[in-house]
Undergrad: 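So that we are looking at the same thing, I have put the structure below in structure tokens.
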Number of protein chains: 2
Amino acid sequence: MGTQRSGPVTLRTIADQLGLHVSTVSRVLHAKPDESLRAASASTVERVRRLADELGYQPNPHATSLRTRRSNLVGVLVPRLSDMVLATIYEGIEEAAAEHGLSTFVANTGDRPETQRTRTNMVIGRRVDGMIFGDAYVDGRFLDEVAGRGIPFVLVSRTAGAHPSVTCDDYLGGRLVAEHLLELGHRDVAVVAGEPYASTGIDRTAGLVDRYREAGLSVPADRIAQSRFDVSGGHAATARLLDTPNPPTAIFAVNDFAAIGAIGALRHQGLRAGDDVAVVGFNDTPLAAELPVPLTTVRSPMLDMGREGLRTLLRLLEGEAAESKRLRPELIVRASSVPSP
Amino acid sequence: MGTQRSGPVTLRTIADQLGLHVSTVSRVLHAKPDESLRAASASTVERVRRLADELGYQPNPHATSLRTRRSNLVGVLVPRLSDMVLATIYEGIEEAAAEHGLSTFVANTGDRPETQRTRTNMVIGRRVDGMIFGDAYVDGRFLDEVAGRGIPFVLVSRTAGAHPSVTCDDYLGGRLVAEHLLELGHRDVAVVAGEPYASTGIDRTAGLVDRYREAGLSVPADRIAQSRFDVSGGHAATARLLDTPNPPTAIFAVNDFAAIGAIGALRHQGLRAGDDVAVVGFNDTPLAAELPVPLTTVRSPMLDMGREGLRTLLRLLEGEAAESKRLRPELIVRASSVPSP
DNA sequence: CTGAAAGCGCTTACAG
DNA sequence: CTGAAAGCGCTTACAG
């Protein structure tokens with residue numbers, strides 16, 4: 001059995017017990033199945049593998065990273081994980097990362113530029129191989145800087161400038177909503193539009209407005225209200241939109257949570273979603289279908305966005321060119337946009 | 001300016017440019033403000049600090065970890081980050097970790113024992129200093145193993161055996177719900193109880209059942225339905241509870257999302273939450289207040305749980321004893337449990 | 001087929 | 001006050 005060493009098992013533990021040199025052990029453990037022949041004799045390979053298994057050897061990633069200058073670490077920045085949309089995208093990232101032997105750091109930035117900066121520095125300080133940003137500002141200035149520092153990254157959920165991104169086709173999503181509302185005869189629609197720095201809200205709004213214009217109808221500026229992306233943000237924005245002598249007959253909130261807030265604001269005014277005012281959300285989070293008034297919304301492929309985002313980063317890390325992708329949205333019609341019979 | 005080195009700035013870069021030895025530079029950069037005197041002469045300290053700043057020196061954490069056997073890394077396991085409750089707890093963990101110069105790995109385990117195993121191994125393989133589990137099974141068997149491997153950890157959200165934990169006082173929360181429903185005159189209550197392996201659901205249920213028993217009322221087994229913790233889990237469990245000739249007059253779902261599912265299931269039967277059946281949730285997530293029928297629920301201090309969980313781990317890492325904590329819940333009464341006037 | 005050496009970037013006693 | 005050495009655990013040409 002050899003000497004019983006305390007502390008974690010290292011290459012040296014194995015080498016000593018087998019009377020080999022650490023470099024031999026390293027070579028064996030490192031070789032892909034097919035090239036093990038070149039690493040050592042068949043019997044040595046066998047003995048090393050068996051003992052490594054028995055002792056539960058796990059390479060020290062700090063030593064490996066120090067030596068190879070590759071950390072197999074990916075940094076992920078999101079506005080906030082308590083936003084189910086981003087959390088789900090992150091789940092996709094994590095799944096795909098695990099499949100490829102990568103680990104991920106996530107940090108919440110609250111969409112605050114100052115925090116984006118400090119978190120990015122912190123993550124880069126940890127020597128990640130690449131980053132994924134879910135909190136891009138549409139102007140992309142900060143990201144230009146990051147690119148200038150030579151660190152590879154991919155955006156998910158939001159686009160910015162020409163940086164590679166994996167997003168939902170938000171513009172198309174907005175158009176789908178417009179078509180649905182036009183069919184229902186709504187000529188006067190208002191938009192809970194999200195934050196002005198996020199491409200998601202911008203593009204979803206633009207899609208709706210453009211499609212309305214094509215139908216000969218304009219959506220005036222005072223029908224479009226900025227908002228936070230959460231429930232209370234949607235509530236506040238809707239309250240403002242309703243504070244007018246001639247309220248709209250339909251509301252498009254660019255996010256399911258904002259839509260829930262919109263429904264809350266309507267209720268405050270004694271108005272019911274569906275019967276009195278059509279409400280449409282975005283994302284088709286698992287809540288949408290279960291609300292007391294089930295929510296019409298646009299399904300966006302959140303998990304896939306994450307998975308595909310990581311794969312794109314992987315390609316970048318291997319020196320290939322990264323192409324941006326827009327994934328297809330799908331309109332899901334429920335009771336919140338159609339009056340009960 | 002000295003030689004222009006390519007690649008990242010290391011201690012050597014600074015040492016060479018200043019004609020010092022790396023060990024001197026290390027000592028200076030390492031010293032706390034007050035002990036810098038002992039590290040080097042005042043002028044050397046000044047020169048080193050200035051240049052490090054200028055060059056934007058960031059120590060290579062892999063080298064530091066390799067040398068010091070401390071990674072300043074914490075591994076966090078949660079059932080799923082797309083559960084807003086866990087995501088919020090994690091935000092608390094991350095905040096507190098950042099304040100203490102620690103970074104965190106999070107992984108989703110989906111509450112699957114197999115995944116808990118592989119993720120734990122993966123995280124330990126990354127040489128974290130400690131772990132935080134938000135996905136503890138109440139039997140604690142797996143955690144006993146982890147403890148046996150000598151890795152320090154703290155539980156959040158759920159308890160298990162005698163392992164140190166930071167949780168909401170779930171039992172008390174259940175009692176608060178019982179008192180509220182008893183006051184309203186409900187003698188026949190049903191529980192959407194969550195997963196049988198999670199202390200949260202178990203304790204919340206027990207609190208309610210015990211308080212009812214003290215009032216001379218029993219909650220029979222067929223009024224208690226296991227459920228997943230998400231919306232569709234709550235829906236399914238409620239559908240089962242309603243499938244009886246004499247349905248209950250009140251439903252306690254041990255989680256806001258399950259409660260939303262419960263409301264959905266009621267609606268399917270033509271029943272309205274509040275007017276027809278009282279519904280109470282747990283956690284007071286931001287949605288609760290904004291639902292078309294605002295949800296009565298028990299507020300649990302999610303952020304604090306995370307922050308306090310990390311602090312407890314920190315104490316453990318410093319060799320102190322860790323005490324479990326139960327944070328105080330608070331009942332929030334809204335329309336879902338009181339008929340409209 | 002296997003060994004020996006060098007080195008990734010850092011820290012920490014130990015000298016002087 | 002500063003330097004020199006050793007070593008954390010690994011990988012990778014280079015010998016033989």
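Residue numbers start from 1 in every chain, and the chains themselves are labelled A, B, ... in the order their sequence lines are given, proteins ahead of strands.
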Undergrad: Below 4.0 angstrom, N of the basic side chain to O of the carboxylate: do A:Glu195 and A:Arg112 qualify?
TA: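 Salt bridge: no.
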
Undergrad: Between the base of D:dG3 and the side chain of B:Arg27, is there a donor-acceptor distance below 3.5 Å?
TA: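 Such a pair exists between side chain and base.
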
Undergrad: Look at the side-chain N and O atoms of A:Ser26 and state whether any lies under 4.0 Å from the OP1 or OP2 oxygen of D:dC10.
TA: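 For D:dC10, neither OP1 nor OP2 has a side-chain N or O of A:Ser26 closer than 4.0 Å.
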
Undergrad: Write down the distance between CG (B:Leu11) and P (C:dC8), rounded to a whole number of angstrom.
TA: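 Answer to the nearest Å: 13 Å.
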
Undergrad: Tell me yes or no: between the side chains of B:Arg126 and A:Asn72, is some donor less than 3.5 Å from an acceptor?
TA: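 Per modelled atom types, B:Arg126 and A:Asn72 side chains form no pair under 3.5 Å.
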
Undergrad: Take atom CZ of A:Arg12 and atom P of C:dA5, then tell me their distance rounded to the nearest Å.
TA: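 For the pair A:Arg12 CZ and C:dA5 P, the rounded distance is 12 Å.
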
Undergrad: In the strands shown, is C:dA13 matched to any nucleotide by a Watson-Crick or G-U wobble pair with both distances under 3.5 Å, and which?
TA: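 Pairing partner, where one exists within any strand: none, as none qualifies.
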
Undergrad: In whole angstroms, how far is the C1' atom of C:dG7 from the NE2 atom of B:His62?
TA: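 These atoms are roughly 17 Å apart.
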
Undergrad: Contact class for B:Thr64 (heavy atom, under 4.0 Å): base, sugar-phosphate, or nothing?
TA: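 Sugar-phosphate, backbone atoms only, no base.
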
Undergrad: Send over the distance from A:Leu66 CG to C:dG7 C1', rounded to a whole Å.
TA: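 Taking atom C1' of C:dG7 as the reference, CG of A:Leu66 is at 9 Å.
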
Undergrad: For B:Thr68, answer base if it contacts any base atom (sugar-phosphate contacts may also be present), sugar-phosphate if it contacts only those atoms, and nothing otherwise; contact means non-hydrogen atoms under 4.0 Å.
TA: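 Counting heavy atoms under 4.0 Å across all strands, the contact made by B:Thr68 is with sugar-phosphate only.
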
Undergrad: Would one find a side-chain N or O of A:Thr24 under 4.0 angstrom from OP1 or OP2 of C:dC1?
TA: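 For C:dC1, neither OP1 nor OP2 has a side-chain N or O of A:Thr24 closer than 4.0 Å.
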
Undergrad: What nucleotide among D:dG9, D:dT12, C:dC10 has an atom nearest to a side-chain atom of A:Ala63?
TA: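 Of the options given, the side chain of A:Ala63 lies nearest D:dG9.
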
Undergrad: If you compare every side-chain N and O of B:Tyr57 against the phosphate oxygens of C:dG9 (OP1, OP2), does one of them come in below 4.0 Å?
TA: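 The answer is no; no side-chain N or O of B:Tyr57 sits under 4.0 Å from OP1 or OP2.
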
Undergrad: Measure the shortest side-chain to side-chain distance between B:Leu303 and B:Glu95 over non-hydrogen atoms and say whether it is less than 4.5 angstrom.
TA: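 In contact.
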
Undergrad: Indicate whether OP1 or OP2 belonging to C:dG3 is found under 4.0 Å from a side-chain N or O atom of A:Ser23.
TA: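 Checking C:dG3 against A:Ser23, no side-chain N or O comes under 4.0 Å of OP1 or OP2.
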
Undergrad: In whole angstrom, give the distance that lies between atom NE2 of A:His21 and atom C1' of D:dG16.
TA: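 So the NE2-C1' distance, A:His21 to D:dG16, works out to 14 Å.
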
Undergrad: Check each of A:Leu18, A:Val9, A:Val25, A:Thr13 against A:Leu51 using the side-chain contact (heavy atoms from CB on, under 4.5 Å) test, and report the only one that passes.
TA: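 Single pass found, and it is A:Leu18.
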
Undergrad: Should B:Thr10 be listed as having a side-chain N or O under 4.0 Å from OP1 or OP2 of C:dG9?
TA: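 So the side-chain polar atoms of B:Thr10 never come under 4.0 Å of the phosphate oxygens OP1 or OP2 of C:dG9.
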
Undergrad: With the threshold set at 4.0 Å, does a side-chain nitrogen-carboxylate oxygen contact exist between A:Arg307 and A:Glu99?
TA: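 Yes, this pair counts.
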
Undergrad: Given atom CZ of A:Arg70 and atom C1' of D:dG9, what is their separation to the nearest angstrom?
TA: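 One finds 20 Å between C1' of D:dG9 and CZ of A:Arg70, rounded.
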
Undergrad: Across the strands shown, which category fits A:Ser65 at heavy-atom distances under 4.0 angstrom: base, sugar-phosphate, nothing?
TA: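 Nothing, no heavy atom under 4.0 Å.
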
Undergrad: Which whole-number value in Å describes the distance from A:Gln58 CD to D:dG9 P?
TA: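 So the CD-P distance, A:Gln58 to D:dG9, works out to 14 Å.
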
Undergrad: Taking for each residue the nucleotide of DNA chain D bearing the nearest heavy atom, is the 5' side occupied by B:Ser43 or by B:Arg67?
TA: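 Nearer the 5' end of the strand: B:Ser43.
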
Undergrad: Base of D:dG9, side chain of B:Arg69 - is there a donor-acceptor contact under 3.5 Å?
TA: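 Check fails, no donor-acceptor contact within cut-off.
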
Undergrad: Just the rounded figure in Å: distance from P of D:dC8 to CG of B:Asn60.
TA: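 Taking atom P of D:dC8 as the reference, CG of B:Asn60 is at 18 Å.
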
Undergrad: Once you round to the nearest 0.5 Å, how far does CG of B:Leu102 lie from CG of B:Leu317?
TA: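 Between atom CG of B:Leu102 and atom CG of B:Leu317 there are 8.0 Å.
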
Undergrad: Going by purine N1 to pyrimidine N3 plus the second Watson-Crick contact, or the G-U wobble pair, all under 3.5 Å, which nucleotide sits opposite C:dA4?
TA: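 Result: none.
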
